[in-house]
Structure formats: structure tokens, C-alpha cells
Amino acid sequence: MLSTLSPHRPRGRSRGATRFRKSLATAVAVASALAVTSGAATAAESGWKMGKPRLTTPWTNQVSPSNALPEYPRPQLVRENWQNLNGLWEFAGAAPGEVPPFGERLAERILVPYPTESALSGIQRHEDHMWYRRTFTVPKNWHVGKDNTLRINFGAVDYKAKVYVNGKEVAAHQGGYGAFSADVTPALKPQGEQEIIVGVEDRADATWQPVGKQRLVPDRGIFYEGASGIWQTVWMEPVAARHIGSLGMVPDLESSALKLTVDTGGSAGLTVEAVVRDGKKVVSHTKAPAAGTISLPVPQTKLWSPDSPFLYDLDVELKDGRRTVDRVSSYFGMREFGTTKGADGKLRFTLNGRILFLQSTLDQGYWPDGIYTAPTDAALRFDLEQHKVLGFNTVRKHIKTEPDRWYHHADRLGLLVWQDMPSMRTGGRPPVDAQRQFKAELTELVEQKKNWTSIVGYVPFNEGWAEWSREETGKIADSVKAQDPTRLVNAHSGVNCCDSLGDSGKGDVLDWHAYPGPAKPMPDAKRISIDGEHGGYGLEVKDHMWFGEGHAYEMVKDQATLNSRYVQNQRDVLASAQSCGISGSIYTQITDVEHEVNGFFTYDRQVKKMDFAQVRAVNQAIISGADGSGSGAPDPGPGTPGLDGVHAYKFDEGTGSRAADSVGDADATLTNAHWVDGALAFTGNGQADTGANLVDTAGSYSVSARAKLDEAGGAFQTVVSQDTGRDSAFFLQYSGQDQRWAMSFVGLRALSPEKPEAGRWYHLTGVRDAKAGTLSLYVDGVKVASQNACSAARSTGHTVIGRGQYGGQQVDFLRGAVDDVRLYDRPLSDAEVATLAKRD
């Protein structure tokens with residue numbers, strides 16, 4: 001039999017910020033002390049043994065059965081009496097449909113709340129189905145069954161959970177990221193030991209359940225170890241039959257008040273007394289009926305911001321007449337999010353009515369010892385603290401959620417949070433039942449996160465992973481906004497990337513990804529723009545890598561190079577903020593994770609990989625310099641008039657190894673090309689190299705050609721491009737991924753609406769308008785697509801016909817024919833393109 005923990009009682013209710021923090025600190029101390037003195041079995045006595053992690057963090061060896069995350073787990077709804085159920089539980093793998101093992105001892109021991117796959121759990125393997133079991137006793141002074149009920153609370157269980165007490169099912173929950181609880185009073189015995197069994201099913205990416213980055217088989221890439229079972233704190237508390245289920249807190253700066261709603265489960269006739277405190281000072285004392293919204297005055301409001309993360313304390317009593325039936329302590333910050341046009345006319349993000357640049361990292365929330373679960377609360381806080389040390393003011397919680405205490409730490413430290421919805425697996429489109437479940441879990445996520453001061457916005461989709469409909473993505477963005485109108489909705493982070501079905505036009509944010517980037521989307525009339533992911537510079541650190549070697553979007557040789565690449569990349573972020581109007585950027589990433597070695601820290605948090613002073617300086621320069629004044633895009637001038645262009649290739653020679661430039665002096669050298677009916681043909685391995693840099697890719701230009709494909713399958717084929725040494729500065733191409741004509745930058749395509757026919761001639765024109773910040777495609781004289789594209793780097797490579805360049809390699813060779821290629825040093829108008837397309 002596993003021994004039980006004694007009850008915890010934080011000493012006194014919250015009395016201001018200092019008292020509230022002392023209350024939580026006391027809960028930690030009491031929890032640790034009681035766990036030690038209650039006769040809990042030692043690891044040796046229980047048969048539990050920590051697994052062997054590939055890497056250890058500074059906190060790994062601080063974890064034991066007597067102190068498994070003992071802190072009070074719910075900082076925004078604190079009750080005085082509670083009992084932590086973390087610690088050693090019995091454990092066993094199970095078969096589908098197996099009967100719960102009521103009254104049976106299970107063979108293994110697991111340390112809750114660490115995932116089964118983690119070393120800290122002591123199991124260190126995955127099970128599709130599993131049982132957890134332990135016993136507990138109910139303190140007599142809780143008066144359960146008389147004045148109070150007993151609730152057992154779960155921070156999160158991945159993925160399907162059923163909870164039994166004394167053989168009776170008391171709760172069922174589906175979703176690996178949401179908290180849930182159960183009133184277990186009807187299942188309790190009158191006295192003595194009570195048995196709790198939790199059955200869990202987690203088939204991870206073998207199904208369409210939301211999994212984030214978890215995989216049954218990690219890929220040595222961007223997908224990692226799974227994290228099954230109970231992975232957040234389990235605890236119990238006595239609660240009155242009529243009680244406060246939750247609080248809804250919405251700051252209203254205009255009226256200097258907090259709008260409070262108190263969930264009483266439908267109980268009628270109750271009243272609320274709410275006290276707002278600033279330290280020991282009472283700010284306001286309000287009495288009102290419990291039903292409806294209550295306005296709590298906050299005069300002479302102290303605003304919350306990253307520079308001054310001030311938090312008010314809140315005590316709420318639920319009363320039946322004069323009798324208090326429930327009492328909770330909480331806190332809140334007074335702040336509001338919005339948008340406004342900067343001096344440059346571009347829409348920008350605002351905090352408390354002032355433009356603020358959201359300088360962020362990508363935070364995966366993975367640990368080499370606990371996988372999904374930080375080993376200790378100090379570890380959980382560490383990554384957030386380091387964001388502040390590095391000069392960041394924002395963090396993107398990437399397709400994962402965290403325990404409540406993580407958001408509490410963000411609130412206290414003054415870090416804004418982009419909260420992602422954990423995605424379904426990649427590859428294919430989810431079936432209808434999975435779509436419904438995804439939306440249900442997203443609704444649960446928003447409902448459970450919407451009180452945190454730090455959360456600035458929600459991100460339903462990432463790079464199109466398991467997205468099933470562009471229209472439905474827009475509807476989901478609208479639904480999230482309706483559920484929580486106080487925050488921003490970023491419908492689709494990386495809408496320009498990967499499996500994306502395209503921009504729905506909905507939400508408050510336009511978000512692109514670019515590696516190493518930064519991405520440079522321009523805001524539109526209703527949406528701010530951000531660089532949702534960029535950077536990813538990698539450095540291997542011997543003896544501090546999960547696999548002994550690693551990868552990144554761009555590897556560097558040493559710390560000095562890593563520092564310089566980061567600083568230059570961030571200077572480009574500032575330039576993008578000033579000229580393109582982006583309101584935020586997200587650098588990948590705060591720590592290495594498994595095979596990815598692109599962190600500021602190694603995965604074990606043991607080694608700093610950059611000069612933090614340099615990082616902080618450039619980050620702070622961005623935040624102060626990206627103030628909305630802007631420099632705007634430079635005026636590239638009128639360019640050369642007429643439709644002849646500045647260079648033109650008519651391919652009338654019919655023979656030879658050179659093609660004449662009929663307007664300029666950049667004749668093209670032909671390789672593996674042949675002449676066919678007054679055109680130039682290729683069979684997938686040829687090119688016409690002009691030998692010169694014909695287009696200023698940092699300015700405005702147009703490229704036109706007649707093109708015919710021999711095949712229109714899944715391979716990319718480039719008609720005209722310009723080399724950079726790494727990736728073509730532009731591609732006038734056939735996109736095999738989309739099976740459409742395209743005018744493209746890396747990670748951005750203006751696509752034709754229809755698939756081209758093999759064997760048919762098309763007139764294609766790509767137009768880059770640097771002043772307007774657009775990239776457009778015309779097919780047969782008609783504009784068919786236009787993309788927002790603020791700026792592009794100047795390239796010095798050759799303009800080439802018949803192939804592209806990617807990763808420094810010659811790629812995307814044309815299988816087909818090309819004729820009448822023309823280049824212009826200005827953006828052609830719609831009418832000019834239409835005229836050009838009608839020429840013989």
C-alpha cells in the first residue's frame with residue numbers, strides 16, 4: 001500500500017501581493033514538510049527508481065518521491081485547504097477494454113506527475129493503455145459529506161482518462177491539455193482508506209488527437225518524444241456544495257475597473273463580496289449579487305506591462321445571506337491589447353494604448369528529464385526568467401500548453417505570451433470527428449487560459465498542420481475571437497509555409513515564417529503583421545546534445561559566429577519593423593530540443609550558447625526602435641518606359657549555343673538546350689545563363705515569358721530566376737507542390753487558381769512592386785494572384801532561364817519550352833501586362 005500525504009493548509013488568505021506570494025510559498029514549504037513527515041515510502045522502500053535520462057538538468061537530482069512538484073497548482077483560484085496527490089502511484093500497462101484493477105496491487109511504481117516516457121517517472125516507456133492506482137484518506141476536519149464535498153483535480157492527463165474511486169467511475173475526460181475535476185463524494189467510504197484508479201489511453205500520433213510535437217517515433221528533426229499519462233499535478237480539496245467554480249476577470253481600463261463574473265454552478269440567491277488589494281492597501285470593496293457581471297473599481301490604476309508587471313490581489317467570498325459558503329484568493333493585472341496606425345500609416349500592436357514591439361522566442365516546453373513536465377517549479381520558472389535576462393518581452397508557447405504555474409510566473413515576470421493550440425499530426429487532412437474534437441479542445445483551452453494577464457493572443461493553427469479547410473480556419477478564428485474578444489487571434493502562424501491552405505483573411509494577425517529570415521509580411525487594413533518564426537542558427541556543444549549531434553536551419557562553427565549571425569539577423573528584424581511595419585518577431589528558440597541545436601541554451605540548460613549581453617542589447621534596441629515611426633519603403637523611381645524591357649530574349653536564332661539579348665548586352669549561354677519552332681526547349685537538365693545580374697531584386701521589377709510544360713506533375717519547374725548563391729531571389733515557375741503557375745520568393749508564392757495544361761503555351765508575368773510591397777502573378781495578361789511582400793534582399797547572382805537555385809544547388813529544371821523572355825526595371829501596370837500578352 002502506498003502511504004498518503006497529509007493535507008496542506010496555506011496559512012491565511014491572500015492579503016496583497018506580498019501576502020499572496022507568501023501564501024503560495026508557505027504552501028510549497030508545508031507540502032514538502034508534510035510529504036517527508038507523513039511516513040511516505042522512500043524510493044528504495046517502494047521499489048521506484050528514477051530512469052536514466054540522456055541529459056540531466058540542474059534540477060534532475062532534486063526530484064524525489066517526497067517532493068514531486070509540491071507547489072499549490074492553481075494560483076488564480078486559491079483555497080486554504082488542499083492535499084497534493086503527486087508522488088508515488090502504482091502503475092501497470094493495460095490492454096484495450098481491460099477491466100479496472102479494483103483492489104489489486106499493481107506491479108510497478110511511477111512518480112506522478114511525470115509522463116510515462118520520462119526518466120523522472122521511473123517507467124521510461126510508452127504504453128497505449130495504462131492504469132494508475134493509489135490510496136488516500138480524507139482529513140476529518142474537512143467535514144466531507146456534511147458541510148463539504150470532495151473534489152479531485154487533474155491539471156492534465158494525456159489523452160483519454162477515466163477516474164474511479166472505490167470502484168465507481170467519477171470522471172471521464174478527453175484531451176491531453178485541459179484541466180478537469182470530479183466531485184467524488186458519492187463514491188467515498190464513510191472512513192478509512194479510499195482507492196483511486198485512473199485509466200489512460202494515449203495512442204498519440206497513431207490517431208488524429210492533438211499531440212503538438214509528440215511522436216511515438218521521434219524523427220531526429222522537429223518532432224520529439226511522446227509524453228503520456230498524468231503530466232500535471234493531481235490534488236484534492238474540500239469544497240462546499242454551493243461554491244465558486246471559476247472566476248472570469250476582464251480588465252477595463254476605460255472605466256478603471258475589473259469586470260468580474262463568478263461561476264456558482266447555477267446556484268441562485270447568493271451574493272459576492274470582492275476585495276481588491278494593492279499590497280496591504282484595500283483598493284475597493286464591492287458587494288453584489290453573484291449572478292451577472294460585477295464591476296470592481298480600480299481607481300488610480302497601476303497598469304501591467306513588461307517593464308512594470310504590477311498585479312492586484314483579489315479576495316472573493318461567496319455568501320448565502322451573512323454566511324460565507326466559499327472563499328478564494330486570486331489576482332489580476334490591469335492591461336489591454338489593441339492596434340493603432342503608426343506615424344508611417346501601418347497598423348501596429350498596442351499595449352495599454354501604446355505601440356509595443358513583441359520581441360519573442362519560440363518556447364517548446366520540453367525537458368530531457370521530464371519531457372513535457374519540468375522537473376521542479378524552479379526549472380519551470382527558469383526559462384521564463386532567462387527571456388527577461390535576454391531582453392525579450394514575449395514568448396510563444398509553441399503547440400503545447402503548460403501548468404497554471406507557468407502562466408503565473410509569466411504574469412509576475414512581465415512576459416507576454418502567444419498561446420498556441422496543440423496541433424494534430426502532420427500529413428493529410430483530419431476526418432470529421434477529429435475536426436470536431438480539435439475545435440472542442442481549442443474551446444476548452446481558451447476557456448481555461450483567458451484569465452492570465454500575460455496571454456496576448458491565441459494561435460489555432462501552425463503552418464497548416466492538419467488544417468482541413470481555409471474557410472473553416474477563418475470560422476475558427478472568428479469563434480475564438482467571440483469567445484475571448486479581449487485578445488488577438490492569430491488564425492494561422494506561418495500561413496505562407498508548408499501545409500498551409502492559404503490566408504483565410506480572418507483574425508487580427510498576418511503571420512509568416514522564414515528561416516533564417518526574418519519574415520517580412522506587411523500589415524493590412526485590419527490585421528497587424530508579425531514574423532511568426534525565424535532564425536534557427538545552430539551550434540553543437542559536445543556532451544550536451546540529446547543525440548550526440550544536431551541540426552538547425554543554419555549551422556555555425558563557433559560561438560563568435562553564432563553571436564554575429566544572431567545580431568545581424570536581429571538588426572534585419574528592426575529594419576523590417578521600421579520599413580515593413582511588422583509588430584513582432586519570434587526567434588527559434590530559447591533552448592535546444594532533442595536533435596534541434598538552435599537554442600540560447602543547450603537542451604539540459606547547462607550551457608549558454610551566446611553572449612547574453614550582446615543578445616540583450618540588440619533585443620532592447622528593437623523594442624525601443626520599432627515605435628511605429630517607420631522609414632517606409634524607398635521609392636525605386638520610374639524605371640525604363642515602354643514594353644521592350646531592359647533585357648529581352650526572343651530565341652529566334654534556331655541554332656547555336658548562345659541566345660541574343662535583343663535589348664541589352666547580356667547574351668545567354670545555353671547548356672543542354674535545343675531549338676524548337678522559334679523557341680528554346682529543355683528536358684530537365686538545361687539552362688540559359690545570362691552571365692549577369694539583370695534585376696535589382698531589392699527594388700521593383702517585372703519578368704515575363706511565354707512558357708509551355710511537357711509535364712505538370714509534382715516537380716517544381718522554373719522558367720526564369722536569379723541566383724543569390726543560396727536561394728533564387730525570385731522564381732517565375734511552375735510550383736509542383738501546388739501544381740499551379742507561381743511568382744515566388746522562398747516561402748511565398750503568388751499562385752494561379754488553376755493547374756496549367758501540359759503542351760499548352762501560356763504568357764506569364766511576375767511583378768515585384770517594392771513601393772507597394774507586393775508580389776503579383778499574371779497569366780495570359782490577367783492578374784491572378786498578389787501577395788503581401790514588404791521587402792527583399794538585393795542579389796548579385798546571374799539571371800537564369802530554365803532552372804532555379806535552392807540551398808546553393810541548381811534545382812527545379814524546366815521540362816518544356818520558353819520564348820520571348822523580358823525583364824523590366826519597374827512594375828508593369830495591369831494594362832501593360834495585358835498588352836504584352838497579346839503580342840505575337
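Numbers here simply count residues along the sequence, with the first being 1.
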So, applying side chain to side chain donor-acceptor pair (under 3.5 Å) with Tyr224, which one of Gln364, Arg215, Gln214, His595 is it? Gln364
Take the angle between the ring planes of Phe612 and Phe601 and call it parallel below 30°, perpendicular above 60°, tilted in between. perpendicular
Sole residue of Arg151, Gln83, Arg74, His243 in side chain to side chain donor-acceptor pair (under 3.5 Å) with Glu237: Arg74
Distance from Ser228 atom OG to Ile123 atom CD1, nearest 0.5 Å? 12.0 Å
side-chain contact (heavy atoms from CB on, under 4.5 Å) partner of Arg133, chosen from Ile196, Leu106, Ile110: Leu106
Aromatic contact between Phe547 and Tyr603, with the criterion being ring centroids under 6.0 Å apart: yes or no? no
More than 12 non-hydrogen atoms from neighbouring residues, nucleotides or ligands closer than 6.0 Å to NZ on Lys162, yes or no? no
Tell me if the centroids of the rings in Phe600 and Phe392 come within less than 6.0 Å of each other. yes
Residues at least two apart in sequence or cross-chain that pass ring-ring contact (aromatic ring centres under 6.0 Å, His included) with Trp418, listed by chain then number, are none
Once ring-ring contact (aromatic ring centres under 6.0 Å, His included) is applied, do any residues pair with His143, and if so which ones, sequence neighbours excluded? none
Answer yes or no: is there an ion pair linking Asp363 with Lys397, defined by an N-O contact shorter than 4.0 Å? yes
Candidate pair Arg405 and Thr233, rule side-chain hydrogen bond (donor to acceptor under 3.5 Å, both in side chains), full reasoning: CA-CA 11 Å; Arg405 293 192 61 83; Thr233 291; over 6 Å; no
Is the Trp142-Phe136 ring centre distance short of 6.0 angstrom? no
Any Pro422 side-chain heavy atom under 4.5 Å of Leu445 side chain: yes
Side-chain heavy-atom pair His544, Asp592 within 4.5 angstrom cut-off: no
Consider ring-ring contact (aromatic ring centres under 6.0 Å, His included). Of Tyr132, Trp48, Trp131, which one does Phe91 pass it with? Tyr132
Please identify which of these residues, Tyr177, Trp231, Tyr114, meets the side chain to side chain donor-acceptor pair (under 3.5 Å) condition with Tyr372. Tyr177
Would you check if the distance from the ring center of Phe382 to the ring center of Trp59 is below 6.0 Å? yes
I need the minimum non-hydrogen distance between Pro113 and Ala68, along with the two atoms involved. CD-CB, 4.3 Å
Do Glu533 and Tyr515 have side chains that get closer than 4.5 Å, going by heavy atoms? yes
